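Model, not experiment: these values are computed from the prediction.
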Amino acid sequence: MILGLCTVLLLTPILTDAQIDIHATSQDYEVGSKILLLCKVNTEAECTWLKDDEEIDEDWVESKKLDETLYQLTIKSAVMDDMGRYTCNCKFDSGLKNSTDLMIYVYQRPTFAKTATYYEFLEGDVAVVPCSVTGQPQVEVKWKKNLAESNVTTDSDARIKVLEDSSLQINGIQREDHGAYSCVARIPGRPISETLVISVVVTASPKVWIQESEKSVLEGPENNVSIVCLVTGEPTPNITWSSPMLSNTSHYTFNSDKSELTITSVDFSDNGEYICTARNKIGAQSASFKLNVLVHPIINLTTESMEVKPGHPASVTCQVIGQPTPTITWIKKNTNEKLTTSSGRVKAVGSTLRIEKVEPSDGGLYTCMAHNTAGNDSKDFTLETWPDTPAQVTINAGTTSVTFSPTVPVVNGGSSITNYILEWKEEGADEWIRTLAPFEETVSIPSLKPSTSYSVRMAAHNRIGQGEFSSEYSIRTLPNVVEPSKSGMGKAGMVGIVMLIFVVMLVAVDATCCYTNNCGVLMFLAVKLLGRKAPKDKGLEQVNGEISTIILPPSSKPSTEA
C-alpha cells in the first residue's frame with residue numbers, strides 16, 4: 001500500500017501537467033480561405049481531430065502529424081459547411097486521455113449589389129435610399145449618418161425609417177438631411193461587417209466668404225498662415241484654390257473638404273493673392289485673400305530618404321528659396337565633414353549631393369544647410385543601404401554550438417541591423433545550413449554535433465537587405481564529456497525522503513485518531529498494554545486479535561481518465 005501511494009505521488013505531476021492547446025490565426029475565415037489548425041501537447045501523445053464530435057472526412061481536409069507533440073489540420077479552401085467545433089483528442093504515453101476544442105466560424109463577406117453611392121433629392125421630396133446586400137450567415141443592416149455611432153432611425157424623428165428591403169426612407173427631406181449615410185451590413189454575433197457610404201444631397205447654390213481679406217507675415221519655418229474659406233451649398237460644393245504663380249504648393253495642407261488652406265513655413269514665393277472657389281452643378285462663387293510675405297531661406301529636398309543597393313549611384317538636390325540668394329552646404333552628419341566637388345566619391349556639386357557606387361559606410365544622415373543675411377535653414381537626407389561585411393569576429397566552439405562575437409561593430413548602412421544570418425556546413429558538405437539570430441553582442445549556432453569539424457560564416461541584415469557574408473571560418477566542436485551518473489543515488493534518496501514523509505504523516509494521523517476518536521495503532525497498543533477496549537469503527541480493524549488494515553483519510557487528488 002505504501003509503495004502504491006509513493007507511485008501515485010510520483011506520477012501525479014506527470015498526469016496533471018498533460019496539456020493540449022489548439023492554435024489558429026483566427027476563429028473567423030472567409031469562404032475560399034485556408035484554415036490551418038495546430039494542436040500542441042506538452043508531452044508525447046497520439047492525437048486525432050474531430051469536428052462536432054464526429055470523425056473528419058479526410059477527403060476535404062489534410063491531417064498531418066508534424067512531430068510527437070504537434071499535429072496539424074489543414075482545410076485548403078473553406079466552405080460554409082466547415083463551420084463548427086474542432087476537437088483535438090489525445091492519448092498520452094502515461095495513459096491519460098484528454099482533449100480540447102476550438103469553434104471555427106466560416107462566412108461569406110457581406111457584398112453590396114447594384115447599390116449606387118450618390119443620390120440627389122429636391123427639398124421636400126420623399127427620399128428612398130436603397131441598400132442591397134448579400135452574405136452568409138444572414139446579415140443584418142443598420143443605417144448611420146456622418147460616421148455617427150448611433151443609428152439614423154430614432155423615435156424622435158418619425159420622418160426617417162428603414163423599410164423591409166433595408167432601404168432608408170426620409171419623408172419631406174430637408175437641407176440639413178444632406179450628408180454621408182452609411183449602410184452597415186453585419187454578420188450577427190461575429191466581428192464581420194462591411195460598410196457602404198452613400199452621399200445624399202439636397203440641391204442649393206454655393207455661397208463663399210473669407211473673414212480676412214489681407215494679412216502680412218514674416219517668413220520663417222516657425223510661421224504658418226491659415227486661410228479659412230466659409231462655404232455653404234448643396235450638393236456639397238467642390239472647393240478649389242488658386243495661388244501665386246511662383247508659390248511652392250508642396251508645403252500647402254488642406255482639411256478634409258479643402259475649406260481651410262494652411263501654408264506652413266511661409267516663404268517669399270507664397271506672397272500674392274489666393275482665391276477660394278466653391279462650385280457645384282447649380283453654380284459657383286469665389287472669394288480672395290492677399291498674403292504679404294517677408295523672406296528668409298527655405299529648403300525643399302527632391303527626396304528626404306533613399307534606399308540604394310551597394311554599387312549603385314545616388315543623388316539628391318537641395319532646392320532653396322530665399323532673398324538674398326542663400327549659400328548651400330552639404331554635410332555628412334555623423335562625421336560633420338563638409339562635402340565639396342573635390343571630396344571624391346561622395347561630393348556636393350552645386351546644390352546636389354552625388355554618391356558614386358554607394359558603399360555601406362555611406363549610409364546615414366546628410367544635411368543640406370542654407371544661409372543668407374535673413375537666417376538659416378537645414379534639412380536632413382537619409383541614405384540607407386545594405387550593411388557591411390562582418391570583418392573582425394571572435395568565434396568560440398562549444399560541445400553542440402558555435403558562438404560569434406563581432407569585436408568591431410558592423411557598419412549598418414544607415415539602417416539599424418535587425419538580425420544576423422548564420423550559416424554552417426560539415427566538413428566536406430556542399431550545401432550551407434542557415435539560421436537567423438537576433439541582433440545581439442553574441443549570437444550562436446545551436447544543435448551541432450560534438451567533435452565535428454564545421455565551416456561557419458555570418459552576415460548582417462537590416463531593413464534594406466542582407467550584406468555580404470564574412471570569410472569562412474573552420475572550427476571543430478568540443479567532445480561530449482559524460483560525467484559519472486548519480487541517477488541511482490538520486491532516486492534512492494528521493495524514495496527515502498518520500499518514505500520518511502509518509503511515516504511522519506502516518507504517525508501524525510494515527511495520533512490524531514487516537515486522541516480524538518479512540519482509534520489507530522497507538523490506541524490498539526494502549527488497549528493491549530492497559531487493558532482498554534478499542535472501538536472497531538475508528539480507523540482499526542482487528543482480525544484474530546491482530547491489526548489487518550489501516551484506514552487513511554480520503555485522498556483529495558484530482559481524478560484523471562486513464
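Using a 4.0 Å cut-off between charged side-chain N and carboxylate O, Glu426 and Lys449 make a salt bridge. Ionic pairing of Arg109 and Glu30 is present here: one or more N-O contacts between side-chain nitrogen and carboxylate oxygen are shorter than 4.0 angstrom.
Counting non-hydrogen atoms of neighbouring residues, nucleotides and ligands closer than 6.0 angstrom, the NZ atom of Lys65 exceeds 12 such neighbours. The environment of NZ in Lys91 is sparse: at most 12 heavy-atom neighbours from other residues, nucleotides or ligands sit within 6.0 Å. More than 12 heavy atoms of other shown residues, nucleotides or ligands fall within 6.0 angstrom of atom NZ in Lys425. The 12-atom threshold is exceeded at CD of Glu176, counting heavy atoms of other residues, nucleotides or ligands nearer than 6.0 Å. Counting non-hydrogen atoms of neighbouring residues, nucleotides and ligands closer than 6.0 angstrom, the CD atom of Glu468 reaches no more than 12 such neighbours. Enclosure of atom NZ in Lys145 by more than 12 non-hydrogen atoms of other residues, nucleotides or ligands within 6.0 angstrom is indicated.
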query = Between Glu384 and Thr382, does a side-chain hydrogen bond (donor to acceptor under 3.5 Å, both in side chains) hold up when you go through it step by step?
reply = CA-CA 6 Å; Glu384 294 178 300; Thr382 302; over 6 Å; no
ask   = Where do Cys88 and Cys39 land on the disulfide (SG to SG under 2.5 Å) test, with the steps shown first?
value = CA-CA 6 Å; Cys88 181; Cys39 179; 1.9 Å; yes
task = Any chance you could lay out the salt bridge (charged side-chain N to carboxylate O under 4.0 Å, His left out) test for Lys51 and Asp82, step after step, and finish with the verdict?
result = CA-CA 9 Å; Lys51 177 180 180 292; Asp82 293 330; over 6 Å; no
task = Determine, step by step, whether Tyr420 and Phe439 satisfy the ring-ring contact (aromatic ring centres under 6.0 Å, His included) criterion, reporting the C-alpha distance in whole Å, the side-chain angles of both residues, the deciding distance to 0.1 Å, and the verdict.
result = CA-CA 6 Å; Tyr420 288 114; Phe439 176 63; 5.7 Å; yes
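Taking CG from Leu448 and CD1 from Ile475, the interatomic distance works out to 9.5 Å, rounded to the nearest 0.5 Å. Atom CD1 of Ile104 is separated from atom CD1 of Ile75 by 8.0 Å, given to the nearest 0.5 angstrom. Between the NZ atom of Lys40 and the CG atom of Asp21 there is a distance of 9.5 Å, given to the nearest 0.5 Å. Atoms CG and CG, from Asn412 and Asn462 in turn, are 7.0 Å apart once rounded to the nearest 0.5 Å. Expressed to the nearest 0.5 Å, how far CG of Leu365 lies from CG of Asp380 amounts to 5.0 Å. Here the straight-line distance linking atom CG of Asp177 with atom CG of Asp125 works out to 11.5 Å at 0.5 Å rounding.
Side-chain contact check for Ser405 and Thr442: at least one donor-acceptor pair (N or O, by modelled atom type) lies under 3.5 Å. Side-chain polar atoms of Glu472 and Ser474 form no donor-acceptor pair below 3.5 angstrom.
Exactly one of Asn146, Val200, Thr236 qualifies for a side chain to side chain contact (heavy atoms under 4.5 Å, CB included) with His178. That residue is Thr236.
Listed for the His23 side chain is no donor-acceptor partner under 3.5 Å among the backbone atoms of Leu38. Proximity of a side-chain donor or acceptor of Tyr29 to a complementary backbone N or O of Val79 within less than 3.5 Å is not detected. Thr87 contributes no side-chain N or O that, together with a main-chain N or O of Asp101, makes up a donor-acceptor pair within less than 3.5 Å. Here the side chain of Asp52 pairs no donor or acceptor atom with the backbone of Glu54 at under 3.5 angstrom. Trp386 places no side-chain N or O within 3.5 Å of a backbone atom of Glu359 that could act as its donor or acceptor partner. A donor-acceptor pair is defined here as one N or O able to donate and one able to accept, closer than 3.5 Å; no such pair exists between the side chain of Glu194 and the backbone of Arg186. Side chain of Ser470 to main chain of Met458: a donor-acceptor pair is present (N/O by atom type, distance under 3.5 Å, no hydrogens or angles).
Listed here is the closest heavy atom pair of Pro137 and Ile187: CD-CG2, 3.7 Å. Of all heavy-atom pairs spanning Ala460 and Pro387, the tightest one is O-CG, 3.3 Å. Among all heavy-atom pairs drawn from Pro450 and Thr477, the shortest one is C-OG1, 3.3 Å.
Taking the six-membered ring for Trp and thresholds of 30 and 60 degrees, Phe254 and Tyr252 have ring planes more than 60 degrees apart, a perpendicular arrangement. Between Tyr181 and Trp143, the two ring planes are perpendicular [angle over 60°; tilted spans 30° to 60°].
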